[in-house]
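Working notes, beginning with the structure itself.
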Amino acid sequence: MAKKDLLSLVKETDVVRFCQGLVRIKSVNPPGDELQAAEYVAAVLKKIGLEVELIKHSATRASVLARLKSSRKRPGLLYNGHLDTVPIGSEKWTHKPFDADLSEGKIWGRGTSDMKGGLAVLMAAAKGLAEARILLQGDLIIAATAGEEEDSLGATAVAPQPDLGPVQAIVIPEPSYNALYVAEKGAFWLEITTQGKTAHGSMPELGRNAIMMMMTLISELGKMTFPYKEHHLLGGFTHSINTIAGGMKTNVVPDQCGHCGYADRPWTGSPCYLEAGRGSYRRS
Ligand SMILES: [Zn+2]
């Protein structure tokens, strides 16, 4: 089948419908809550005729592994997209973030770009192929995964699934201005906490200031060189301090800095995160 004919199988109306359907289901991470979005993807793909498995991670979180069966003469092709989005932030939105309004030729909302739009494209492509009843030589596998914005919980659960089978390529439609990226650096997130000792702010000599300790540590990190092997496409190593929090009161010497403040752990600050790696290689 010619490339032009193949592309005509993917209907824009499906892409819009699936994207709006996904954006209207809130799956902001943290905390994730991808279950409903996963159920939506699972229901659509099942209706299309794919073999679908819902992989539950907890009462509120899940991923989907689906398959359009083939003659299995060749390894499969894996389409992967994530179900979670980043938070909506504190700025006022011109359109409500979970209404998925269609206006000025665009869908507006949290996750339309990263990456419910991409996920919608994968679903629409699978629908086009399934409806055309083309017997593929390798399975088309769709993995819609939870937790990409945090710890890749879904991908970690899906990757070792025994029925995933061999795949010859993985396509991930993350937003890339429609450019093709063929390599991606890994990321290593380091969470650092300095522990000090509280004292009254008027007698700092009696305490140990955790914020000052963190400042020293960050300054030392900036001077350090890390060993790495230069990659022919991705180049070298990068690192960046991206969040920090510390202290409890203006008149108290802080005993903690950089502590993680997620719901399942006490304290209200943010972690001090060092992110190492990250970056993509764009094929020109
Ligand atoms: Zn993304």
Side-chain angles (χ1 to χ4, degrees), residues 15-16 18-42 44-45 55 57 60-66 77-89 91 93 95 97-98 100 106-126 141-159 164 167 169-189 233-234 238 240 242-243 262 270-271 273-283:
V15 177
V16 172
F18 297 151
C19 182
Q20 286 183 312
L22 281 165
V23 171
R24 286 172 184 151
I25 303 169
K26 195 172 165 184
S27 54
V28 161
N29 190 7
D33 289 342
E34 301 92 340
L35 176 63
Q36 251 191 297
E39 285 174 340
Y40 174 80
V41 172
V44 168
L45 296 181
I55 301 166
H57 310 301
T60 56
R61 309 193 70 179
S63 297
V64 178
L65 188 57
L77 175 66
L78 174 62
Y79 282 173
N80 173 230
H82 62 86
L83 295 158
D84 57 333
T85 69
V86 290
I88 58 169
E91 281 198 31
W93 287 61
H95 292 259
F98 303 108
K106 297 172 192 159
I107 302 171
W108 299 72
R110 172 48 83 222
T112 46
S113 173
D114 187 8
M115 61 174 293
K116 288 179 170 175
L119 207 45
V121 169
L122 301 184
M123 292 158 74
I141 305 156
I142 295 188
T145 48
E148 192 269 351
E149 306 289 358
E150 259 322 285
D151 56 5
S152 297
L153 157 95
T156 308
V158 166
L164 189 62
V167 293
I170 302 175
V171 178
I172 304 176
E174 282 277 8
S176 61
Y177 296 100
N178 286 336
L180 189 62
Y181 287 78
V182 294
E184 169 91 10
K185 280 184 186 177
F188 171 62
W189 291 352
L233 296 176
L234 298 166
T238 60
S240 174
N242 293 340
T243 68
Y262 293 133
S270 303
Y273 268 139
L274 170 84
E275 179 174 276
R278 282 289 166 123
S280 309
Y281 177 75
R282 179 179 168 161
R283 201 172 79 172

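Counting starts at 1 for both ligands and their atoms, following the listed order.
Side chain of Asn80 to backbone of Ala143: a donor-acceptor contact under 3.5 angstrom is found.
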Discussion item. Walk me through whether Ile88 and Phe98 qualify under side-chain contact (heavy atoms from CB on, under 4.5 Å).
Written reply: CA-CA 10 Å; Ile88 58 169; Phe98 303 108; 3.6 Å; yes
Fill in: Candidate pair Lys26 and Asp33, rule side-chain contact (heavy atoms from CB on, under 4.5 Å), full reasoning
CA-CA 8 Å; Lys26 195 172 165 184; Asp33 289 342; over 6 Å; no
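Using modelled atom types, one finds no donor on one side chain facing an acceptor on the other under 3.5 Å when comparing Lys106 with Thr112.
Side chains of Leu83 and Tyr40 form no contact here, defined as non-hydrogen atoms less than 4.5 Å apart.
Between Gly111 and Val23, the shortest heavy-atom distance links the atoms C-CG2, 4.4 Å.
Of all protein N, O or S atoms, those under 2.8 Å from the Zn ion (ligand 1) number 4.
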